[in-house]
Amino acid sequence: MRNGNTDCAQLGGCPSDYVAVGITAVSAFVIVCGTCFFIRIRELPQFRLKQLRLLVLQSMASITFLLAILMSRSVIRINDRKSWKSCYIWQVWLEGPLGYGLMMSCHVVRVYRHYHLFVRRHLPPLRSYQILLLLLVPWCAASIAIQIKRPPMTYKCRLQTSWTALLCMLHVSYVPLLLFGAWTIREIEFKFQEFQDLLKGVLICLTFLAMWTAIYIGSTFEKEKKTWLQAGSRFILILMGNAFVLSFLWIPVSRPLLGQLNKRIDSEVYESVGQVLQVPHSGCLATPEIPLDMTQPLESLLTHKRFRQSFLSFAESRIAGEFVHFYNEVHELNKIPSSDTARRVYMAEHIIGMYIKVGAPMEINISHQMRHDILITEDLAGLNLFNLAICEAIRVMKLNLMNDYLQSAFFRQFQEIYSQDNLQRNQYDGWVYDLETSTSRSLIHEYDDPFDEGLQDQHNGRTG
């Protein structure tokens with residue numbers, strides 16, 4: 001009859017198993033707290049460039065993977081259960097496609113997005129969830145085949161050699177995928193060290209798979225089934241799984257998260273994505289104020305920072321601030337040199353996701369064809385990507401906002417603040433903004449680039 005130590009080695013309940021359960025519980029708690037913290041601060045500019053949904057999916061898959069390891073390795077002793085049911089549920093499905101498979105697929109999706117955005121310079125043709133489904137198809141096919149065939153399993157939830165080899169191939173297949181992705185984006189000068197993070201992820205994955213293989217081979221071909229070795233190898237495997245999940249999960253957001261948790265690492269407070277990308281004179285950074293000529297059209301007035309802030313406050317009071325925000329973001333995009341394609345792609349993708357896509361948080365009202373042309377562009381770093389949308393935004397602001405702004409308290413407050421900076425008050429006296437003339441000028445002359453200083457100077461010469 002087996003003694004108590006042998007029972008715990010085979011059925012669970014050893015002292016090391018309780019330690020493993022405690023470590024896993026702490027890891028799951030850290031993952032949940034970290035994900036909630038990330039969701040809470042997701043609106044901060046340094047996190048808008050990250051894929052929140054992928055991180056949440058990866059967090060859920062990580063917890064599922066850790067729990068499946070505990071259950072399939074008989075760490076927790078559960079009486080009155082049929083072992084084959086537990087093995088098929090935990091080992092085949094939850095540890096496979098819904099655990100490790102989903103967790104690694106999220107990283108592959110990030111590489112897929114980076115390739116299309118920064119190498120091909122267009123939006124990915126397939127959405128993230130579509131790529132995830134395609135990556136999980138082999139996992140689901142193997143799991144369904146195992147579920148139908150129902151090959152016998154041991155008390156350790158081990159399959160026959162042929163089925164185990166199939167699952168091992170699925171586990172290892174992500175390594176060449178990530179390596180190939182790293183090779184395709186190796187020449188891109190990323191702002192947030194995505195290439196280095198990808199290499200770290202590959203190294204962590206290789207280390208975990210190598211140690212897992214060594215433990216599996218050692219326990220399989222061991223001639224004398226020593227109780228302490230069985231329990232110890234199981235404990236080491238679970239400990240490795242926790243370390244793998246925790247180190248692998250937070251790679252994409254480790255830097256900004258540490259910056260929030262420790263201000264000494266990242267002491268700057270960002271107010272816009274332009275500041276995160278270090279666009280010159282962005283957001284609250286010191287901006288040399290240009291002289292304000294009140295005879296200029298709205299597109300020229302909006303280049304003046306204080307006027308734009310006052311006009312934005314009025315537009316937000318009318319629940320129409322998205323057009324001014326859009327203008328400001330595109331204005332910052334045009335400050336980035338055309339040679340700095342990586343930063344331009346970062347900014348363009350942010351603008352599309354925030355203002356252009358259907359259902360975007362601050363979706364602007366533009367024509368369907370104009371929206372479609374932006375979404376299918378073949379050059380996200382192009383200089384004229386948003387020109388037509390900017391002209392449409394200016395036209396809407398002129399027709400719907402400008403006349404009411406000139407009669408509002410926001411404009412009077414702007415006059416007072418501007419006059420306090422030793423500017424002559426007569427720049428405002430008798431000034432009437434000709435809404436109809438300014439609108440006609442933009443439409444007739446097809447002023448496609450409101451940021452073109454040459455056209456502005458030409459216009460100023462005519463008005464002077």
Side-chain angles (χ1 to χ4, degrees), residues 24-25 27-44 46-71 89-117 123-143 167 170-171 173-175 177-178 181 192 194 197-198 200-202 204-205 208-209 241-257 349-350 353 357 359-361:
T24 304
S27 300
F29 178 76
V30 170
I31 292 173
V32 172
C33 292
T35 305
C36 293
F37 178 72
F38 183 79
I39 293 175
R40 181 181 178 184
I41 61 177
R42 67 186 184 278
E43 294 301 329
L44 294 179
Q46 56 265 48
F47 291 96
R48 292 178 188 171
L49 301 175
K50 305 296 181 180
Q51 294 295 315
L52 173 62
R53 294 180 181 177
L54 287 179
L55 180 66
V56 173
L57 279 177
Q58 193 172 351
S59 300
M60 296 170 57
S62 300
I63 296 176
T64 303
F65 178 68
L66 293 177
L67 186 58
I69 290 180
L70 288 179
M71 299 299 296
I89 294 175
W90 297 101
Q91 172 77 1
V92 177
W93 287 100
L94 297 182
E95 187 178 339
L98 300 180
Y100 181 88
L102 181 57
M103 180 172 56
M104 296 297 297
S105 297
C106 290
H107 275 270
V108 176
V109 170
R110 290 191 181 93
V111 178
Y112 170 81
R113 288 180 54 82
H114 291 156
Y115 170 75
H116 282 281
L117 289 173
L123 295 178
L126 297 179
R127 296 186 178 182
S128 298
Y129 75 90
Q130 294 173 325
I131 300 298
L132 282 175
L133 291 176
L134 290 177
L135 291 171
L136 292 178
V137 166
W139 280 102
C140 294
S143 300
L167 294 180
L170 290 174
H171 280 77
S173 63
Y174 287 97
V175 175
L177 281 177
L178 293 177
F192 303 105
E194 283 89 342
D197 290 343
L198 178 58
K200 291 178 184 178
V202 173
I204 293 172
C205 183
F208 171 75
L209 290 176
N242 283 269
F244 165 69
V245 165
L246 290 177
S247 58
F248 199 73
L249 176 63
W250 302 113
I251 286 178
V253 293
S254 58
R255 178 66 183 178
L257 273 177
E349 185 203 5
H350 161 68
K357 286 184 177 180

(request) Side-chain contact test, heavy atoms from C-beta onward, threshold under 4.5 Å: evaluate it for Met71 versus Glu95 and give yes or no. (result) no

(message) Is there a side-chain contact between His116 and Pro125 in this structure, where contact means two heavy atoms from C-beta onward sitting under 4.5 Å apart?
(response) yes

(message) If you define the side chain from C-beta out and look only at heavy atoms, does anything of Val111 sit under 4.5 Å from Tyr115?
(response) no

(message) Would you say that Leu67 contacts Thr24 through its side chain, given a criterion of any heavy-atom pair below 4.5 Å between the two side chains?
(response) no

(request) State the CG-CG distance between Leu57 and Leu98, to the nearest 0.5 angstrom. (result) 11.0 Å

(request) Give, for atom SG of Cys205 and atom CG of Leu178, the distance between the pair rounded to the nearest 0.5 Å. (result) 6.5 Å

(request) Answer yes or no: is there a donor N or O on one side and an acceptor on the other, between the side chain of His107 and the main chain of Met103, under 3.5 Å? (result) no

(message) Under a 3.5 Å distance rule, please check whether Tyr112 uses its side chain to pair with a backbone N or O of Leu126 as donor and acceptor.
(response) yes

(message) Could you tell me if the side chain of Val109 sits less than 4.5 Å from the side chain of Leu132, heavy atoms only?
(response) yes

(message) Any side-chain to backbone donor/acceptor pair from Ser143 onto Cys140? Under 3.5 Å, distance only.
(response) no

(message) Once rounded to the nearest 0.5 Å, what's the spacing between atom CD1 of Ile31 and atom OG of Ser62?
(response) 5.0 Å

(message) When you compare the side chain of Val32 with that of Ser59, does any pair of heavy atoms fall below 4.5 Å?
(response) no

(request) May I ask you to test the Leu102-Gln58 pair for a side-chain heavy-atom distance under 4.5 Å? (result) no

(request) Look at the rings of Trp139 and Tyr174 and say which category their plane angle falls in: under 30° parallel, 30 to 60° tilted, over 60° perpendicular. (result) parallel

(message) Would you say that Phe248 contacts Met104 through its side chain, given a criterion of any heavy-atom pair below 4.5 Å between the two side chains?
(response) yes

(request) Could you tell me the separation between the OG1 atom of Thr64 and the CE atom of Met60, rounded to the nearest 0.5 Å? (result) 6.5 Å

(request) May I ask you to say whether Glu349 pairs ionically with Arg113, meaning some side-chain N is under 4.0 Å from a carboxylate O? (result) yes

(request) Any chance you could measure Leu135, atom CG, to Gln130, atom CD, to the nearest 0.5 Å? (result) 12.0 Å

(message) Within this structure, what is the CG-CZ distance for the pair Leu70 and Phe65, rounded to the nearest 0.5 Å?
(response) 10.5 Å

